[in-house]
Amino acid sequence: MKHPLLIAIALLSTLLSLPASAAINAWLDHNRIGPNDTVQLTLQHDGQTDKQPDLAPLKQDFDVLGSGSSTNVQIVNGKMSVQTQLSLTLSPKHTGTLSIPPLQWGGQSSPALSLTVSANAPAGGSGGNAAAGNTAHVLLTATPDQAQPYVQSAVTLTVRLYVDQPLYQASLELQPSNDVLVQQVGQDSRSSATRNGRSYQVIERKYLLFPQRSGRLRLDGPVLHAQVADGNSNNPFGSDPFFSNFFGQNPLAGMVNATRPILVRSDPIVLNVRPRPTSGTGHGWLPAQKVTLQETWQPDGGTIHVGDPITRHLHLSALGLTASQLPDLSQIMPLPAGMRAYPDQAKLNTGVQGDGVIGTRDQDIALIATRSGRYRIPAMRLYWWDTIRNVQREIDLPERTIDVLPDSTGIAAGTAPDNGGTAAPPTAAGEPAVAAAPAANKPASDRWPWISLALALLWLTTLLAWWHDARQRPAASSRPLAEPAPGPAAGAARKAFRTACRENSPQAARKHLLAWARAAWPQDPPHGLRALAARLDDADLGALLDQLDRACYAGGAWQGEALLQGLESLPGKPGPAARQAAQLAGLYP
């Protein structure tokens, strides 16, 4: 009894065990398709295997869009058989008679097959199912606006997708390369068109191509990945027109009806890129179709004083370039000595104009004169290369002359007014005013000798007072900000400065701080915050004054508490800066 049982177990094991190597069959669902159609390749392995076939030989002529596998197990008359099928969706890369080479799977090879890809093939392959084919249903074109661009110039590529049937899970891609950068611009647009007697819905998209080197460059064209309804499968809704039409126009139809993937390629993009011409001058390289440069001034005329900002607005526009390719105009703007520039953050914009791209750059630059006088701002010159005429062009903004007067707040701070270039001498404390001159009812010829004598006496008295004061203390130019007794002007300016700091108002803080300094140094007032920082000779306070200066003319938020505390709590160390700081703090009650 044992022997028959062992024999039965051995026979059962033999039935369950399949040979490791078996025959491999292969076939195509169509033998002739269109250039953008797909074909189904089925591989059948007779026997059980856990390996996968080697699909590398297919990649030369085909793209593998999808795959699926199934296993069929049958037991007939006590004999078990297993078949494993692998279905591959292939998209041909080019037309002609293509060969599907033998594929290795589990140590066995599949037979070689032949496929004809022709533009004259019926839609959907030899099966004649026009609804499933995409040869005439989906078209993809890519057209550059120029074939011979200059290096680093922008080439506008217009991609148009023509469809007359629903697409599901569609995506359009254009891959860059090491030699060509790619950037999508604008939004997709929709329209309709007729080609070869067929009506299409057209989806248009624009890309910018930036060649990074000269010579002949080749870029793979855009690729469409999508799903289309498979007419060879059964419709789950039968012939019901409501459900069929509804899901045929709805993106969810791909989840209800059977679909198959498609891959549509446009022709490769070939560019013959020209190098930068050797005849070009200038530091920048601006290859464009048209460039304009405009300026406005604010204020445009009128009276300008030291410390008043003059805003120069520059608008640069270039057809054929993006905004990021335009230069920073503040870096190429020449300035005379004694004038400083505070450029604001530029506003960049890139848009589509016709079939091309246009970039704009708007920038405000504040100009500040540090001393009075006549300033000549040189002409501003910008070079660019005309890609249409193949010549270099230049844009010139004219020279401009600006007259800057002394700081207008000097009068309010107690400085003497300008009398034709000669300032009236100050009077010593306690001296009688000019009102002590002879009565006004005397003739002018009799009054002026007495007035001259009185002025001369006052002048001599003032010189004696200055000489005596100079022997008692250092010169006025080296006195600290708080050395003289704080008069009404200094006290008012100090109070206004503290209020401006607490309100975080940079313009007001600068104005009242300089008025305070002018009241403290009437004979040698500092012209600007940097001059004041140099006189105080303190690194930390200088940094705070620089922050205030930038906030006034470059914009941005400013907090005045740090500067207020810095002036109130300067260290009392030895040295000129420390003595000034200690006496400055004494001004605060």
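- With D29 contributing its side chain and Q40 its backbone, the two residues share a donor-acceptor pair below 3.5 Å.
- Looking at S109 and Q104, their side chains do bring a donor and an acceptor atom within 3.5 Å of each other.
- Here L548 contributes atom CG and S505 contributes atom OG; the two are 9.5 Å apart, rounded to the nearest 0.5 Å.
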Test side chain to side chain contact (heavy atoms under 4.5 Å, CB included) applied to L397 and R312, step by step: CA-CA 12 Å; L397 295 181; R312 187 180 195 180; 3.8 Å; yes
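- R218 and D220 are joined by a salt bridge, as a carboxylate oxygen and a charged side-chain nitrogen come within less than 4.0 angstrom of each other.
- For Q559 and N504, the side-chain atoms include at least one donor-acceptor pair closer than 3.5 Å.
- Q298 and D364 share no side-chain donor-acceptor pair at under 3.5 Å.
- With hydrogens and angles ignored, the 3.5 Å screen pairs no side-chain donor or acceptor of D396 with any backbone N or O of P398.
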Worked check of side chain to side chain contact (heavy atoms under 4.5 Å, CB included) between L157 and V182: CA-CA 10 Å; L157 181 71; V182 176; over 6 Å; no
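- With hydrogens and angles ignored, the 3.5 Å screen pairs no side-chain donor or acceptor of R216 with any backbone N or O of V270.
- In this structure, K347 contributes its side chain and T360 its backbone to no donor-acceptor pair below 3.5 Å.
- When all heavy atoms of L544 and A562 are compared, the closest pair comes out as CD1-O, 3.5 Å.
- Within the 4.5 Å cutoff, the side chain of Q289 has heavy atoms near those of the D145 side chain.
- At least one side-chain heavy atom of I358 sits less than 4.5 Å from a side-chain heavy atom of S317.
- At a threshold of 4.5 Å between non-hydrogen side-chain atoms, the residues D188 and Q184 count as touching.
- Ring geometry for W285 versus W385: interplanar angle of 30 to 60°, hence tilted.
- Taking both residues in full, the closest heavy atoms of Q183 and F210 are given as OE1-CE1, 3.9 Å, listed atom of the first, atom of the second, then distance.
- Counting heavy atoms from C-beta on, the side chains of L329 and L293 come closer than 4.5 Å.
- Shown here are the salt bridge (charged side-chain N to carboxylate O under 4.0 Å, His left out) partners of D386, two or more places apart in sequence or in another chain: R393.
- Under a 3.5 Å cut-off, the side chain of T387 and the backbone N or O of P287 do not form any donor-acceptor pair.
- Of the possible donor and acceptor atoms, none in the side chain of Q152 sits under 3.5 Å from a partner among the backbone N and O of Q325.
- Between T259 and Q169 the shortest side-chain heavy-atom distance does not fall below 4.5 Å.
- W105 places a side-chain N or O within donor-acceptor distance of the main-chain N or O of K51, the cut-off being under 3.5 Å.
- The existence of a salt bridge linking R400 and D300 is confirmed by a sub-4.0 Å separation between a basic side-chain nitrogen and an acidic carboxylate oxygen.
- Using a cutoff of 4.0 Å between basic side-chain nitrogens and carboxylate oxygens, D61 and K93 are not scored as salt-bridged.
- Proximity of T156 to L208: side-chain heavy atoms (C-beta onward) are separated by under 4.5 Å at one or more points.
- Here L348 contributes atom CG and R361 contributes atom CZ; the two are 5.5 Å apart, rounded to the nearest 0.5 Å.
- Looking at S266 and V159, their side chains never come closer than 4.5 Å, going by heavy atoms from C-beta outward.
- Judged purely by atom type and a 3.5 angstrom limit, D54 uses its side chain to pair as donor or acceptor with the backbone of A56.
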Test side chain to side chain contact (heavy atoms under 4.5 Å, CB included) applied to V180 and V155, step by step: CA-CA 10 Å; V180 181; V155 179; over 6 Å; no
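- P327 places a side-chain heavy atom less than 4.5 Å from the side chain of L316.
- The neighbour count for E173 CD, taken as heavy atoms of other residues, nucleotides or ligands under 6.0 Å away, is above 12.
- Counting non-hydrogen atoms of other residues, nucleotides and ligands closer than 6.0 Å to CG of D267 gives a total of 12 or fewer.
- For Y383 against E394, the heavy-atom pair with the smallest separation is CE2-OE1, 3.3 Å.
- In this structure, T116 contributes its side chain and T97 its backbone to no donor-acceptor pair below 3.5 Å.
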